[in-house]
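Report on the following structure.
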There are 2 protein chains.
Amino acid sequence: MEFHKTLDCSTCSMASPVFCFLNHQEVAKIDDNRIEVSFNPGDTIMKSGTPKTHVMSFYQGLAKVTLEGKDGKNFILDFIRPQTFFSGPGFFFDNKHYLTITAVEPCKVCLIDMDIFFQMMKDNFEMAFAFMENSNKFIMNLIHKMESLLIKHHHGRVAESLLYLSGVIYQSNPFNMSISRKDLSDLTALPKESVSRILQEFKNEGIINMKDNTVHILKEDSLMQISQNG
Amino acid sequence: MEFHKTLDCSTCSMASPVFCFLNHQEVAKIDDNRIEVSFNPGDTIMKSGTPKTHVMSFYQGLAKVTLEGKDGKNFILDFIRPQTFFSGPGFFFDNKHYLTITAVEPCKVCLIDMDIFFQMMKDNFEMAFAFMENSNKFIMNLIHKMESLLIKHHHGRVAESLLYLSGVIYQSNPFNMSISRKDLSDLTALPKESVSRILQEFKNEGIINMKDNTVHILKEDSLMQISQNG
DNA sequence: AATTTAAATTGATAAATGTCAATCTAAATT
DNA sequence: AATTTAGATTGACATTTATCAATTTAAATT
């Protein structure tokens, strides 16, 4: 971890849309009340159950947002890429974390004092509204995720995840999957054995190719169909 | 439906906590820009996909919040009882409904013009914050629901639902279940046949009693244990 | 490079689960 | 009250799915 700052809010191009309605004074105040933190893969960025003191601007790397269930079962609700603003549902409520965020690739974030951010929303309704929009998008993600998990069968879930990883998270087609099979298992809410099997099936059917964590989607149409109907 | 008003905001005791920070002027403004609507069981209060023009204060009856999936599969995310404020995740985003709300028992609601409510949040940050707290509670409900559905087996889900209906929704122990088996099926994300079977099992094991839609929980401890471990 | 550790794959099996069809019950309509 | 309709229950079956154990592969450590 580094405690000196390498960025300047006034020139930062990595800020989330939540911050785009601030005037110079407000930007300066954010700058004075933030800390930059780096995380290595596997590091916990936010831990469910702990007190919530900051909101987060995620500006580098890849992280996973996890719901910790019982018996050590975890569910990945989403992956985070820059630029993302994250406060979490405990904000305004009991100021605790309800989700765990873990670095998958090396990450850099700015942590902004929650009270400062809170006060700023009082004076700047545009930021407050941008914050609310951000919350609502999070809700819609959750709803979509829920729908997928409830409706789709195993093959469909894996197909959807591969398309999501390639299209949204890694944004390339032969993509190097930096997440583990366990992560894929937590993302699809499937036992890791099932994930292995299904990936193997996709490979045998010529839908994808796999080698050394590099996945190549060969028949995107087939995957989309499996994702829809499976 | 009745188009004349029977209530007065300034003396209304059925308002959600979201409205508790308003001054006289603001209360009057809400009063001028709301309509009272009654719904019969089965009526659609809000329909997914339609434009969103109002926020809702739910002050009488029982309704279900449904996520419409593919192939006519529906999932009940929650039931609504007074007093509940509901805006929905489309607010601030594309102003469409993403969830469907349907009356289960006769319902009465106030629909408040969305733009008026929006403007009022600009001037009254306390209401805006109460609104945000409401949103975050909704998120936490969703997360809890998701966890249950992902972790628990069929018996556990039915057990949890019975406890929820008795404890939260109907607030009595021998309770008259105004929701249908199909609703119970949509709530637990289980085929209705499975719901029937499991209820019957619970009955045979002396955990509950059932007659004419009246359900009596006899062994709450057993149900709680099944809900936890099942 | 050798050894150890962890992760991923594969196979076999038992259990859970969804679907179809048929029966039964209750409610609604005439 | 008789008829119709919708909803709920039950049974049987095929399929899906989770779990355990064993093997293989890859990564990390010495």
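A note on names: the letters A, B, ... follow the listed sequences, proteins ahead of strands, and every chain is numbered from 1. Only heavy atoms go into these numbers, but all of them, side chains included; no hydrogens, no water, no symmetry mates.
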B:Arg157 CZ - C:dG18 C1' separation (whole Å): 12 Å
Nearest-nucleotide pick for B:Lys73, side chain only, options being C:dT17, C:dA8, C:dT19: C:dT19
If I take atom CD1 in residue A:Ile179 and atom P in nucleotide C:dA7, what distance separates them, rounded to the nearest angstrom? 15 Å
Euclidean distance, atom CD of residue B:Gln200 to atom P of C:dC24 [Å, nearest integer]: 15 Å
What is the separation between atom CD1 on A:Ile198 and atom P on D:dT16, rounded to the nearest whole Å? 11 Å
Consider only side-chain N and O atoms of A:Ser48 and A:Glu68, and report whether a donor and an acceptor are under 3.5 Å apart. no
Is B:Glu133 salt-bridged to B:Lys137, going by a charged N under 4.0 Å from an acidic O? yes
Quickly work out the B:His155 NE2 to C:dT17 C1' distance and round it to whole Å. 10 Å
Ring center gap for A:Phe85 and A:Phe19 short of 6.0 angstrom: yes
For B:Leu199 and D:dA8, give me the distance from atom CG to atom C1', rounded to whole Å. 11 Å
Using every non-hydrogen atom in the two residues, find where A:Asn176 and A:Tyr170 come nearest and quote the distance to one decimal. O-CE2, 3.5 Å
Just how far, in rounded Å, is C1' of C:dA8 from NZ of A:Lys211? 17 Å
What class does the angle between the rings of A:Phe91 and A:Phe117 fall in, given that below 30° is parallel, 30 to 60° is tilted and above 60° is perpendicular? tilted
Please tell me if B:His154 has a side-chain N or O lying less than 4.0 Å from either OP1 or OP2 of C:dG18. yes
So, B:Glu105 and B:Arg81, do they make that salt bridge, N to O below 4.0 Å? yes
Residues within residues 189-197 of chain A bordering DNA chain C, heavy-atom distance below 4.0 Å: A:Glu193, A:Ser196, A:Arg197
Take atom NE2 of A:His153 and atom C1' of D:dA14, then tell me their distance rounded to the nearest Å. 14 Å
